[in-house]
Protein chains: 2
Amino acid sequence: MRIGEVARKTGVKAETIRFYERVGILTAPSRTRSNYRDYGPAEAARLIFIRRARDLGFSMPDIRELLELSEEDDRSCAEVDSLARAHLGQVERKIAALQVMRDELSRMIAKCEQDTISECRIIDTLAVRDR
Amino acid sequence: MRIGEVARKTGVKAETIRFYERVGILTAPSRTRSNYRDYGPAEAARLIFIRRARDLGFSMPDIRELLELSEEDDRSCAEVDSLARAHLGQVERKIAALQVMRDELSRMIAKCEQDTISECRIIDTLAVRDR
DNA sequence: ATGCACCTTGTAGCCACTACAAGGTCAAGC
DNA sequence: GCTTGACCTTGTAGTGGCTACAAGGTGCAT
């Protein structure tokens, strides 16, 4: 498969695939006579794995580790589990932080009564030193 | 005030203040004889405004606009309101996306029974093509 | 032969900082 | 007067995870 086809099959754009190769998360594939990258099903599977993990918000270092771990068949998956749990914790903290933001934005907007700027409660809220 | 003091007072790091000046969100202050930046209370207030808006997740272009609007006292704050609402919408979409992530991560982790990698449900879930 | 989709490499840009290097300034203490 | 140390200056490069070019080569159908 050339890069375009593997891009269509995996949902990872060609540019991104080349980027992954450059940063070493994907090994350089063999080339055709005309110097085109030539991928097999194993590479496609790896890309799907990467995409799924990215979709779930795993960082590139995390994915690197998950990929390494996934190749050691007879090892305990405790490390995989702990990586996933750590990431879940991060996602939960991010949600909590965004909820705080959302609530404060809502409160701020609710106070706005569409006056002139000089009376604007939104600008006020932003400018105020405390809270 | 020198940059360090205004940094302490506003909660914006000195490097970040210099960065804001470079990108033009903050005008260059006057200098002391020894070429140190010399800030007054107006600049500190502006920095507090910026920090509050950043804490609420507003982007730099948004903040630029909020700052401009905040200076036109006799204008309607409808634009401020719509900026804030648009941003609230973004935050809400981000929360929703993260909740989807969180749920899928939770499901994935729940399936893991701490076997070996070859049986690992987490690795499996990531590798599988469809959902 | 021509057109077009596809591929190649390399570089720069995105966001909002953050880190670092190499040097200048100032006040206090000895 | 000299050292120490906190503070300041400038400029540059790095972060993450791509994305967007530019300038050119290849493969296949018409």
Side-chain angles (χ1 to χ4, degrees), chain A residues 1-26 28-40 43-44 46-67 87 90-91 94 97-98 101, chain B residues 1-26 28-40 43-44 46-67 87 90-91 94 97-98 101:
Chain A
M1 278 184 289
R2 290 191 304 183
I3 201 168
E5 192 181 346
V6 79
R8 273 189 301 281
K9 281 202 176 139
T10 60
V12 182
K13 290 186 190 165
E15 293 96 330
T16 307
I17 297 174
R18 281 191 285 256
F19 165 75
Y20 285 160
E21 182 184 323
R22 205 165 65 244
V23 300
I25 212 169
L26 208 63
S30 55
R31 301 286 183 130
T32 66
R33 254 160 303 160
S34 51
N35 199 30
Y36 289 178
R37 284 171 181 80
D38 191 17
Y39 295 97
E43 274 118 330
R46 197 173 169 97
L47 273 169
I48 285 163
F49 185 103
I50 294 170
R51 190 176 68 75
R52 296 260 319 134
R54 288 289 308 137
D55 286 351
L56 288 174
F58 283 96
S59 68
M60 305 270 297
D62 278 359
I63 292 175
R64 219 178 270 272
E65 202 168 340
L66 285 172
L67 283 165
H87 178 51
Q90 279 177 32
V91 170
K94 205 173 275 178
L98 283 170
M101 257 192 215
Chain B
M1 278 183 288
R2 291 191 303 185
I3 202 168
E5 192 182 345
V6 79
R8 272 189 302 281
K9 280 202 176 139
T10 62
V12 183
K13 290 185 190 167
E15 293 95 332
T16 307
I17 297 173
R18 281 190 285 257
F19 165 75
Y20 286 160
E21 182 184 322
R22 207 165 64 242
V23 299
I25 211 169
L26 208 63
S30 55
R31 300 286 184 131
T32 65
R33 254 161 304 163
S34 51
N35 199 31
Y36 289 179
R37 284 173 182 79
D38 192 16
Y39 296 97
E43 274 119 329
R46 197 173 169 95
L47 274 169
I48 285 163
F49 185 103
I50 295 169
R51 190 176 68 76
R52 295 259 318 134
R54 287 291 307 137
D55 285 352
L56 287 174
F58 283 96
S59 69
M60 304 273 293
D62 278 359
I63 292 175
R64 219 178 270 270
E65 202 167 342
L66 286 172
L67 283 166
H87 179 51
Q90 279 177 32
V91 169
K94 205 173 276 178
L98 283 171
M101 257 191 214

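What you see below is based on every heavy atom in this structure, not just the backbone, and it leaves out hydrogens, waters and symmetry mates.
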If the cut-off is 4.0 Å, is S34(B) near the phosphate of dG24(C), judged by side-chain N/O to OP1 or OP2? no

Rounded off to whole Å, could you give me the CD-to-C1' distance for the E15(B) and dT15(D) pair? 15 Å

How far does CD of E43(A) sit from NZ of K9(A), to the nearest 0.5 angstrom? 12.5 Å

Interatomic distance where CD1 belongs to I3(A) and P belongs to dG27(D) [whole Å]: 16 Å

Between H87(B) and L56(B), is there a donor-acceptor pair closer than 3.5 Å when you use the side chain of the first and the backbone of the second? yes

Grab the CD1-C1' distance between I17(A) and dC6(C) for me, whole Å please. 14 Å

Quick check on DNA chain C: between T32(B) and P61(B), whose nearest nucleotide comes earlier from the 5' end? P61(B)

Would you mind telling me which of D38(A), L47(A), I48(A) makes a side chain to side chain contact (heavy atoms under 4.5 Å, CB included) with V6(A)? L47(A)

dT9(C) phosphate, OP1 or OP2, under 4.0 Å from R37(A) side-chain N/O: yes

How long is the span from the OH atom in Y20(B) to the CZ atom in R51(B), to the nearest 0.5 Å? 10.0 Å

Whole-Å distance between dT26(D) C1' and R33(A) CZ? 12 Å

Check whether any side-chain N or O of R31(B) sits under 4.0 Å from OP1 or OP2 of dC8(D), and answer yes or no. no

At what distance, to the nearest 0.5 angstrom, does CZ of R54(A) lie from CD1 of I63(A)? 5.5 Å

Closest nucleotide among dC18(D), dC17(C), dT25(C) to the Y36(B) side chain: dT25(C)

First encountered from the 5' end of DNA chain D, between E5(B) and R22(B): E5(B)

Send over the distance from R18(B) CZ to dC20(C) P, rounded to a whole Å. 14 Å

Please report, rounded to the nearest Å, how far the C1' atom of dC6(C) is from the CG atom of N35(A). 14 Å

Please determine, for the side chain of K13(B), which listed nucleotide (dC17(C), dC18(D), dT18(C)) has the closest atom? dT18(C)

Rounded distance (Å) that lies between atom P of dA16(C) and atom CZ of R51(B): 17 Å

I need the CZ-P distance between F19(B) and dC20(C), as an integer number of Å. 18 Å

Hey, does the side chain of S59(A) come within less than 4.0 Å of dG16(D)'s phosphate (OP1/OP2), counting only N and O? no

Could a donor-acceptor pair under 3.5 angstrom be found where the side chain of Y20(A) meets the base of dG17(D)? no

